[in-house]
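Everything below concerns the one structure shown next.
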Amino acid sequence: MVERAESESRKLLGRLRDTMASEAAGQERLDQITHLTADSMGTEVCSIYLFRDDETLELCATQGLNAEAVHQTRMKLGEGLVGRVARTGRIVNTADAPSAHGFRYMPETGEEIYSSFLGVPIQRLGEKLGVLVMQSKEARQFSADEVYALEVVAMVLAEMTELGAFVGEGAALRARHTESVLLRGSTAQEGTAEGYVWLHEPRVIVTNLVGDDPQTERKRLLDAIENLRISVDQLLAGAVEDAEQVQVLEAYRMFANSKGWLRRMEENIDRGLSAEAAVEKEQSDVRARMSQANDAYLRERLQDLDDLSNRLLRILTGQGVQTGAELPENPILVARNIGPGELLEYGRKLRGIILEEGSVGSHAAIIARALAIPLVINTKRIQNEALNGDHVMVDGDQGIVHLRPDDTVVAAFRDKMAMQAKAQERYASIRDKPATTLCGKTIRMDMNAGLMADLPSLESSGAEGVGLFRTELQFLVRNQMPRRTELAELYARVLDAAKGKRVVFRTLDIGSDKVLPYMKPQDEPNPALGWRAIRVGLDKPGVMRMQLQALLRAANGRPMTLMFPFIAQYDEYRLARAEVDKAIARELKLGHRIPETLEIGAMLETPSLAFACKKFYEEVDFLSIGGNDLKQFFFAADRENERVRRRYDTLNISFLTFLEDIITRCAATNTPLSFCGEDAGRPVEALCMTALGLNALSMRPASIGPVKHLLRRCNLDDVRAVIHASRDAGDQSARPAVMEYLRSLT
Ligand code: PEP
Ligand code: MG
């Protein structure tokens, strides 16, 4: 029985292959497929429904239903049984279609006489393309073999769709990957870029779906799996020190040796598929399970299996191996996700990055920000839509991607980029001028950094120094804890590159969104309020001590400035400072040089520190407001949660009043104060903060020009008066009033 089903399936596939190879036009091919499927399977009806647009399915070919209904009958996603299959991606198999839940009768098709219904989704690696349907008069459930056979036909259809087999004269379908599409994601790094798609992991296209000889195909599969096992073992041998990577590879190895996985693929081969088609069919099944899995662990394992199938497909087809040398001009990287190390390898060669997943706090986002490369995340479908070399425009300001844009979009986008370039020229002309306002106040402009690669910006941006050096990036981009000597060398190079300009090194700020790949992840209900930054440093001082030593040695007698992140109470600062004292004593004992001067500051990132005792304010050498964190705690709005992160305006009167209080306190104790959160780089926000008395800002290098340009055109006394008047008037935010003032300047 099984053998008969296998030979039937092989016969059907053989006939399908002939159709694929024929010169027939798109519509003719579809007609042939419905005809021969119905014929081979001995049913009255076989129909193909394909997506017209994201929401609408259209009957594109049929054997058995009224021919006039072709290209006329349409249904919405979720409508009727066909729409249900399309929406859920699940098979519907019923002996009594009219009584089935959701049935909708389409009179023009003449389908009322058919009782049984079998619908399978046509999808390619999780992307929905349509629905394939069989119907018969006899009221019966279709057998497992019939379901399987129809699934295989659906798969062939999906591959042919990908290859453009149904496009052309009298076409049922528009060509895929040729139309212009606008995709919406979210912004993770602002900026605009135009270039050409570079798929980090290019998709594999299986052109050879049908296997002539199951023995040969089985052997090809087994050889490829052997190859895969060897490569996983080699990776494992090289990953001994990276616990997380080892864990993933162990899972790979387990799957690569899994009998069930192999058996399912061999069964696919026995039914007539080629080795690569057998892998892809199994992969599609895994993807379908993945989309339905609610359990995070299970989803992750299925994800591993999906990755493994990709590797296997690459081995079998020889496709998809990219090397950096082939990068197109102005490459825009497209990936599902990317690790920080891989991203750094591409480095500044990239013009833009588009991720299908990702989050604002991910390591990739941190690196993209550090490299100032526009990044759009959560861009659904980009991996399925984009082909290598496609023209693409990335709008990191709006979180929008224009793939294969048409001429009007290109023109509008280029205008926007030209305006930005013009503004850049204007900023370049004031690079060496001070940020002196019309009322004669000069604001210190520092830049934020985190990589050695940032340092050249000190010169090009006109920054006076580095107001925040995020040391965690060096820890995040590695697979293991960096060694003290490595860090000391790096910090020394940073100081060399700064040529005497002040660099504020912030000690390791990990936890919350910044999880080290080699540290045991903490299972915390609320990581932003959890074990992070200085809390980790004080509880497990080993790493902090190592880092402090590295910093002191890097200074090698030069001035040094340190800053502790996330200080929430005086004691934390005192204890951290005591660690520095101990480190200095140790260096002296070892006969090493200690810094000529040493400033030790704290980041004000929790509202509690704003209310710390006067003694704290007197003792600390300086304070720097970490506005990203301070704002999230002030408004109780997670800075990474898209739904709330933009909900409260920085110019909200409550927040500005709070900042003004901090500024006043610092002024009373002569405590130097700066602001180094993202808002420092937003011109209007920066203007308001300086109007309220802040006189040092640290921001991304690219923001220095725009902020300085605005400050030089304004009178801070006037702006302060505008803010206070807005507050007295009971406004929620000072923004409208300030914008009004700015408009009056021009
Ligand atoms: C901040 O919180 O504002 C800050 C500068 O630190 P980070 O963004 O690295 O948390
Ligand atoms: Mg912070």
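Start at 1 and go down the list; that is how both ligands and their atoms are numbered.
- In this structure, the side chain of Thr437 does not engage the main chain of Asn715 through any donor-acceptor pair within 3.5 Å.
- On a distance-only criterion, Arg639 and ligand 1 share at least one N/O pair closer than 3.5 Å.
- Under 4.0 Å from ligand 1, not a single heavy atom of Gln632 appears.
- Using a 4.0 Å cut-off between heavy atoms, Arg369 makes no contact with ligand 1 at all.
- Contacts between Arg470 and ligand 1, counted as non-hydrogen atom pairs separated by less than 4.0 Å, involve the side chain only.
- Asn628 places a side-chain N or O within donor-acceptor distance of the main-chain N or O of Glu678, the cut-off being under 3.5 Å.
- Judged purely by distance below 3.5 Å, without hydrogens or angles, the side chains of Thr192 and Gln420 pair a donor atom with an acceptor atom.
- Contact of the Leu598 side chain with the Ile584 side chain is registered, since non-hydrogen atoms from C-beta on lie closer than 4.5 Å.
- Nearest to atom 4 (C) of ligand 1 by heavy-atom distance, out of Asn628, Asp679, Asp509, is Asn628.
- Of all heavy-atom pairs between Ala368 and Leu343, the closest is N-CD2, 4.2 Å.
- Residue Gly627 has at least one N or O atom closer than 3.5 Å to an N or O atom of ligand 1.
- Every atom of ligand 1 is numbered from 1 in the order shown, and the set under 4.0 Å from a heavy atom of Asp629 is 1 (C), 2 (O), 3 (O), 10 (O).
- A donor-acceptor pair under 3.5 Å is formed between the side chain of Arg665 and the backbone N or O of Ala612.
- Side-chain contact check for Tyr491 and Gln547: at least one donor-acceptor pair (N or O, by modelled atom type) lies under 3.5 Å.
- Counting the atoms of ligand 1 from 1 in the order shown, those under 4.0 Å from a heavy atom of Cys676 are 5 (C).
- Remark: among candidates Arg506, Met603, Glu605, Lys631, the nearest residue to atom 2 (O) of ligand 1 is Glu605, based on non-hydrogen atoms.
- Phe655 and Phe635 have tilted rings, their planes meeting at an angle from 30° to 60° on a 0 to 90° scale.
- Looking at Arg577 and Tyr573, their side chains do bring a donor and an acceptor atom within 3.5 Å of each other.
- Atoms of ligand 1 lying under 4.0 Å from at least one heavy atom of Gly626, given by number and element, are 1 (C), 2 (O), 3 (O).
- If you look at Glu605 and ask which of its N, O or S atoms sits nearest the Mg ion (ligand 2), the answer is OE1.
- Asp629 lies close to the Mg ion (ligand 2), since one of its N, O or S atoms is found at a distance under 2.8 Å.
- By the criterion of a heavy-atom distance under 4.0 Å, the side chain of Leu468, and not its backbone, is placed next to ligand 1.
- Annotation for ligand 1: atoms under 4.0 Å from non-hydrogen atoms of Gly677 are 3 (O).
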